[in-house]
Amino acid sequence: MEGIPADASSEHGERTDATMSARTWTGILGGQFDPIHLGHLAIAEIAHHALGLDRILVVPSRVSSHRAAPVGAKDADRLAMVQVAVANHPYLMACELELRSSAPSYTAITLRR
């Protein structure tokens with residue numbers, strides 16, 4: 001596991017007590033969110049508990065790399081819907097990173113940013 005000391009994870013890559021307090025574990029949930037719905041929030045809830053994530057960035061995509069149908073809601077409206085949906089979940093955070101780019105949204109590029 002890159003960035004984690006060799007003695008901080010088991011041979012299978014699981015987190016140990018040494019890494020639990022030393023790192024912030026972040027998940028990313030991306031999508032068009034047109035609109036965001038309870039299913040999206042359920043996925044985030046499951047990931048939060050199952051993976052022990054400290055936070056999850058909810059990232060609306062601007063231009064989907066695999067969806068031919070146009071987005072119905074404007075970017076600002078989809079971001080606002082995400083912000084309202086995550087407001088009562090302290091570990092969820094709206095992230096507008098992909099909305100700032102006119103290029104298609106690819107997870108690998110978003111992770112590099």
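For the numbers below, each heavy atom of this structure counts, side chains included, while hydrogens, waters and symmetry mates do not.
Glu98 and Thr110 form a side-chain donor-acceptor contact under 3.5 Å, judged by distance and modelled atom types alone.
For the atom pair CG (Leu79) and CE (Met81), the distance works out to 9.5 Å, reported to the nearest 0.5 Å.
Linking Ile, Leu, Val, Met, Phe, Trp and Tyr residues whenever their side-chain heavy atoms come within less than 4.5 Å places Leu111 and Leu57 in a single cluster.
Proximity of Ser101 to Arg113: side-chain heavy atoms (C-beta onward) are separated by under 4.5 Å at one or more points. Side-chain contact between Ile28 and Ile56 is absent, with no heavy atoms from C-beta onward closer than 4.5 Å. Contact check for Pro60 versus Gln32: no side-chain heavy atoms found under the 4.5 Å cut-off.
Distance alone, capped at 3.5 Å, places no donor-acceptor pair between the Asp54 side chain and the Thr26 backbone. Remark: side-chain polar atoms of His40 are paired, donor with acceptor, to backbone N or O of His37 under 3.5 angstrom.
Of all non-hydrogen atoms in Val58 and Val82, the two that sit nearest each other are CG1-CG1, 3.6 Å. Nearest heavy atom pair, residue Ile36 against residue Ala85, reads CG2-CB, 3.7 Å.
Judged as a salt bridge (Lys or Arg N to Asp or Glu O under 4.0 Å), the pairs with a partner in residues 77-95 (not counting sequence neighbours) are, in order, Asp75-Arg78.
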Could you tabulate the donor-acceptor pairs under 3.5 Å formed by side-chain atoms of residues 89-97, not counting sequence neighbours?
| from | atom 1 | to | atom 2 | distance (Å) |
| --- | --- | --- | --- | --- |
| Tyr91 | OH | Glu45 | OE1 | 2.2 |

Test log, rule side chain to side chain contact (heavy atoms under 4.5 Å, CB included), inputs Ile43 and Leu29: CA-CA 8 Å; Ile43 290 168; Leu29 177 61; 4.1 Å; yes
